Peer 1: 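Once you've had a glance at the structure underneath, I'll fire off some questions.
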Amino acid sequence: MSDIVKVGIIICDRYRRCAGGKCLRALRNREGAFSVYAGQEVELVGYTTCDGCPGGNVEYAGAEMVKNGAQVIHLATGLVVGYPPCPYIQTFKDFLEARYGVQVVVGTHPIPTKYLDMHTRLGTWDDPIWEPLIAPTMTDEATRAAYE
């Protein structure tokens with residue numbers, strides 16, 4: 001078995017024109033949800049959108065990523081910080097894990113301060129179901145500010 005962790009990233013279609021700068025920087029720096037790979041070599045084997053609500057591309061993207069060796073699929077931070085957050089996050093996670101036997105992590109780059117502040121003001125993430133979904137991307141204040 002390879003010592004390289006192979007990951008895929010699925011982003012929200014609202015950000016389909018995103019060049020992936022924050023996600024790729026976080027992967028390179030092992031920040032946010034990618035901090036779990038500290039000291040490990042990581043290879044990105046896929047990067048695409050969900051194709052918009054209700055996520056018609058998730059099935060096909062997952063299949064392609066797994067064919068390319070993905071061991072972990074990250075659902076990008078944009079699915080959590082968008083307005084409103086994706087209502088299908090848990091469905092995507094459950095489906096990908098059950099269908100492909102792959103680990104799914106919610107989040108990529110750290111949540112930028114402006115999004116944390118706004119969602120805190122709005123009470124978006126007050127429900128306890130959000131705690132495990134945002135936990136991988138919660139970081140210290142300086143790191144959050146660096147992702148503005």
Side-chain angles (χ1 to χ4, degrees), residues 1-55 57-58 61-62 64-66 68-97 100 102-148:
M1 178 155 161
S2 172
D3 291 340
I4 300 172
V5 180
K6 296 183 178 189
V7 302
I9 298 173
I10 298 175
I11 70 171
C12 177
D13 194 62
R14 288 180 282 195
Y15 309 113
R16 66 184 160 272
R17 291 181 182 89
C18 179
K22 289 179 184 172
C23 289
L24 298 176
R25 177 170 41 129
L27 179 60
R28 182 179 61 249
N29 295 339
R30 305 299 189 264
E31 294 174 323
F34 298 123
S35 65
V36 297
Y37 307 120
Q40 295 179 280
E41 189 173 345
V42 179
E43 178 183 347
L44 181 63
V45 298
Y47 182 93
T48 192
T49 76
C50 65
D51 195 34
C53 293
N57 194 39
V58 170
E64 185 69 20
M65 289 176 184
V66 169
N68 288 330
Q71 300 156 299
V72 183
I73 295 175
H74 284 258
L75 300 176
T77 299
L79 290 155
V80 175
V81 300
Y83 300 109
C86 175
Y88 302 104
I89 294 173
Q90 193 64 54
T91 302
F92 294 165
K93 182 178 181 349
D94 294 344
F95 171 78
L96 290 164
E97 289 175 340
Y100 302 110
V102 65
Q103 179 186 358
V104 176
V105 175
V106 175
T108 49
H109 64 79
I111 294 173
T113 302
K114 65 183 177 185
Y115 292 106
L116 178 62
D117 290 349
M118 181 55 69
H119 284 289
T120 299
R121 267 188 25 222
L122 294 172
T124 309
W125 301 326
D126 287 350
D127 190 307
I129 64 167
W130 285 101
E131 189 174 331
L133 298 175
I134 64 173
T137 53
M138 293 299 286
T139 59
D140 61 87
E141 188 174 334
T143 305
R144 281 195 307 273
Y147 280 83
E148 285 297 321

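The shown structure was predicted, so the numbers you read here are calculated from the model rather than taken from an experiment.
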Peer 1: Residues two or more places apart in sequence or in another chain: which of them pass side-chain hydrogen bond (donor to acceptor under 3.5 Å, both in side chains) with Y115?
Peer 2: none
Peer 1: Keeping K93 on the side-chain end and V104 on the backbone end, is there a donor-acceptor pair under 3.5 Å?
Peer 2: yes
Peer 1: How about V7 and Q71: do any of their side-chain heavy atoms sit closer than 4.5 Å?
Peer 2: no
Peer 1: Are any side-chain N or O atoms of N29 and backbone N or O atoms of E31, one a donor and one an acceptor, separated by less than 3.5 Å?
Peer 2: no
Peer 1: At what distance, to the nearest 0.5 angstrom, does OG1 of T49 lie from CD1 of I9?
Peer 2: 13.0 Å
Peer 1: Sequence neighbours left out, what pairs pass side chain to side chain donor-acceptor pair (under 3.5 Å) with at least one residue falling in residues 79-90?
Peer 2: Q90-D94
Peer 1: Show me the donor-acceptor pairs, under 3.5 Å and distance only, between side chains in residues 32-48 and residues at least two apart or in other chains.
Peer 2:
| unit_1 | atom_1 | unit_2 | atom_2 | d |
| --- | --- | --- | --- | --- |
| S35 | OG | G32 | O | 2.9 |
| Y37 | OH | H74 | NE2 | 2.8 |
| T48 | OG1 | N57 | ND2 | 3.4 |

Peer 1: Set out, in order, the CA-CA distance, both residues' side-chain angles and the distance that settles side chain to side chain contact (heavy atoms under 4.5 Å, CB included) for N68 and K6, then state yes or no.
Peer 2: CA-CA 8 Å; N68 288 330; K6 296 183 178 189; over 6 Å; no
Peer 1: In terms of side-chain heavy atoms, does T137 have a donor or acceptor partner in T77 at a distance below 3.5 Å?
Peer 2: no
Peer 1: Salt bridge (Lys or Arg N to Asp or Glu O under 4.0 Å) with K22: which residues, sequence neighbours excluded?
Peer 2: none
Peer 1: With rounding to the nearest 0.5 Å, note down the distance linking OH in Y100 to CE in M65.
Peer 2: 11.0 Å
Peer 1: Under the criterion side chain to side chain contact (heavy atoms under 4.5 Å, CB included), I'd like the reasoning laid out for I89 against F92: C-alpha separation, chi angles, the key distance, then a yes or no.
Peer 2: CA-CA 5 Å; I89 294 173; F92 294 165; 5.7 Å; no
Peer 1: One pair to check against side chain to side chain contact (heavy atoms under 4.5 Å, CB included): W125 and I111. What are the steps and the verdict?
Peer 2: CA-CA 13 Å; W125 301 326; I111 294 173; 3.9 Å; yes
Peer 1: Pick from V80, T108, V105, L96: which one makes a side-chain contact (heavy atoms from CB on, under 4.5 Å) with L75?
Peer 2: L96
Peer 1: When you look at T120 and D117, which way does the side chain to side chain donor-acceptor pair (under 3.5 Å) test go after all the steps?
Peer 2: CA-CA 5 Å; T120 299; D117 290 349; 5.6 Å; no
Peer 1: Return the CG to SG distance between D51 and C12, rounded to the nearest 0.5 Å.
Peer 2: 11.0 Å
Peer 1: With sequence neighbours excluded, tell me which residues meet side-chain hydrogen bond (donor to acceptor under 3.5 Å, both in side chains) with D126.
Peer 2: none
Peer 1: Drop me the distance from R144's CZ to M138's CE, to the nearest 0.5 angstrom.
Peer 2: 5.5 Å
Peer 1: Answer yes or no: is there a side-chain heavy-atom contact under 4.5 Å between R25 and H109?
Peer 2: no
Peer 1: When you look at CD of E131, are more than 12 heavy atoms from neighbouring residues, nucleotides or ligands closer to it than 6.0 Å?
Peer 2: no
Peer 1: Assess the residue pair Q103 and I73 against the criterion (side chain to side chain contact (heavy atoms under 4.5 Å, CB included)); give the C-alpha distance rounded to whole Å, side-chain angles, the decisive distance to 0.1 Å, and a yes or no.
Peer 2: CA-CA 6 Å; Q103 179 186 358; I73 295 175; over 6 Å; no
Peer 1: How many angstroms lie between SG in C50 and CZ in R14, if you round to the nearest 0.5 Å?
Peer 2: 8.5 Å
Peer 1: Could you check if a side-chain atom of W130 sits within less than 4.5 angstrom of a side-chain atom of H119, using non-hydrogen atoms only?
Peer 2: no
Peer 1: Does atom CD of E141 have more than 12 heavy-atom neighbours, drawn from other residues, nucleotides or ligands, at distances under 6.0 Å?
Peer 2: no
Peer 1: If you measure from CD1 on I11 to SG on C23, what distance do you get to the nearest 0.5 Å?
Peer 2: 7.5 Å
Peer 1: Identify, with sequence neighbours excluded, every residue that meets side-chain hydrogen bond (donor to acceptor under 3.5 Å, both in side chains) alongside R16.
Peer 2: D13
